[in-house]
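Okay, so here's the structure we're looking at.
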Amino acid sequence: MKKNLRWYDKDKYLSAFMTLLQGLSDEIQSKVAVDILLYIPKIIEKDFAKFIKIVADHNPRQYQRWYDHNPNLHTLVESIRKLSYEEREKLLDAISDIVIKHTNQDPFKFGK
């Protein structure tokens, strides 16, 4: 069993999504990130403008994670991290649909 799991690795769906996302081209990563960011206001239970300001206050240049080098991706990952468990659950179907639209791959297929 892994120690020190990243926050998204604690959820098999988010972990699968992040693994797939990491392997995509920068262009497709950006398209997926923007489409998901546009969907988040439909499920969020708080003031979205305030939420985005909190997320935007993070400076990705301070970090060395693979997704910090793409501003759209950084904003997406930080946005998902800030969602409640219930909000993340509501977002999963949209994530799947958006990834399939851009890649023809289902990030949640788990070897079926």
Side-chain angles (χ1 to χ4, degrees):
M1 180 177 233
K2 287 185 183 179
K3 292 182 182 178
N4 301 324
L5 286 177
R6 296 170 291 204
W7 66 269
Y8 54 81
D9 285 332
K10 295 175 184 176
D11 179 297
K12 71 178 182 177
Y13 296 104
L14 287 176
S15 182
F17 166 64
M18 293 296 287
T19 298
L20 177 68
L21 195 59
Q22 187 173 8
L24 299 175
S25 70
D26 290 348
E27 179 183 351
I28 299 297
Q29 284 178 344
S30 287
K31 288 179 180 181
V32 167
V34 168
D35 281 359
I36 295 171
L37 283 167
L38 290 172
Y39 187 84
I40 288 176
K42 296 175 183 175
I43 57 103
I44 197 163
E45 297 171 0
K46 51 183 93 75
D47 179 352
F48 188 69
K50 182 178 177 185
F51 176 79
I52 286 297
K53 181 176 178 347
I54 290 168
V55 170
D57 285 343
H58 288 272
N59 181 355
R61 290 183 295 261
Q62 296 174 2
Y63 307 107
Q64 298 300 314
R65 300 167 300 203
W66 64 269
Y67 54 83
D68 292 329
H69 304 287
N70 178 328
N72 293 330
L73 215 47
H74 172 80
T75 302
L76 171 66
V77 173
E78 290 300 317
S79 296
I80 293 172
R81 187 171 67 83
K82 296 281 185 183
L83 294 175
S84 69
Y85 174 79
E86 293 77 18
E87 290 167 336
R88 284 185 200 158
E89 288 294 306
K90 291 177 189 175
L91 187 60
L92 289 177
D93 285 340
I95 287 174
S96 181
D97 292 345
I98 290 166
V99 170
I100 290 168
K101 177 177 100 175
H102 289 289
T103 68
N104 294 320
Q105 297 178 63
D106 185 346
F108 309 140
K109 197 168 177 186
F110 300 119
K112 290 181 183 173

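What you see below is based on every heavy atom in this structure, not just the backbone, and it leaves out hydrogens, waters and symmetry mates.
Here L5 contributes atom CG and D11 contributes atom CG; the two are 11.5 Å apart, rounded to the nearest 0.5 Å. One finds the CD1 atom of I36 at 5.5 Å from the CD1 atom of I80 (value rounded to the nearest 0.5 Å).
In this structure, R65 and H74 have side chains that are in contact, with non-hydrogen atoms separated by less than 4.5 Å. At least one side-chain heavy atom of V32 sits under 4.5 Å from a side-chain heavy atom of F17. Proximity of M18 to V77: side-chain heavy atoms (C-beta onward) are separated by under 4.5 Å at one or more points.
Closest non-hydrogen pair, L20 versus Q105, comes out as CD1-OE1, 3.1 Å. Taking all atoms of both residues into account, the shortest heavy-atom contact from L83 to I40 is CD2-CG2, 4.3 Å. What you find for A33 and L76 is that their closest heavy atoms are CA-CD2, 3.7 Å. For the pair L73 and W66, the tightest heavy-atom approach, listed with the atom from each and the gap, is CD2-CZ3, 3.6 Å. Taking each heavy atom of Q29 and L24 in turn, the nearest pair found is NE2-O, 3.4 Å. Nearest heavy-atom pair across Y13 and F108 is O-CE2, 3.0 Å.
Applying the salt bridge (Lys or Arg N to Asp or Glu O under 4.0 Å) criterion to E89, with sequence neighbours excluded, gives no partner residue.
Judged by distance alone, the side chain of T75 and the main-chain N or O of P71 form a donor-acceptor pair under 3.5 Å.
A salt bridge does not link K90 with E87: none of the charged nitrogens is closer than 4.0 Å to a carboxylate oxygen. Contact check on K31 versus E27 returns a salt bridge, with a Lys/Arg side-chain nitrogen under 4.0 Å from an Asp/Glu carboxylate oxygen.
Under the 4.5 Å side-chain contact rule for hydrophobic residues, I100 and L14 do not share a cluster.
L38 forms part of a hydrophobic cluster together with V34, judged by ILVMFWY side-chain heavy-atom separations under 4.5 Å.
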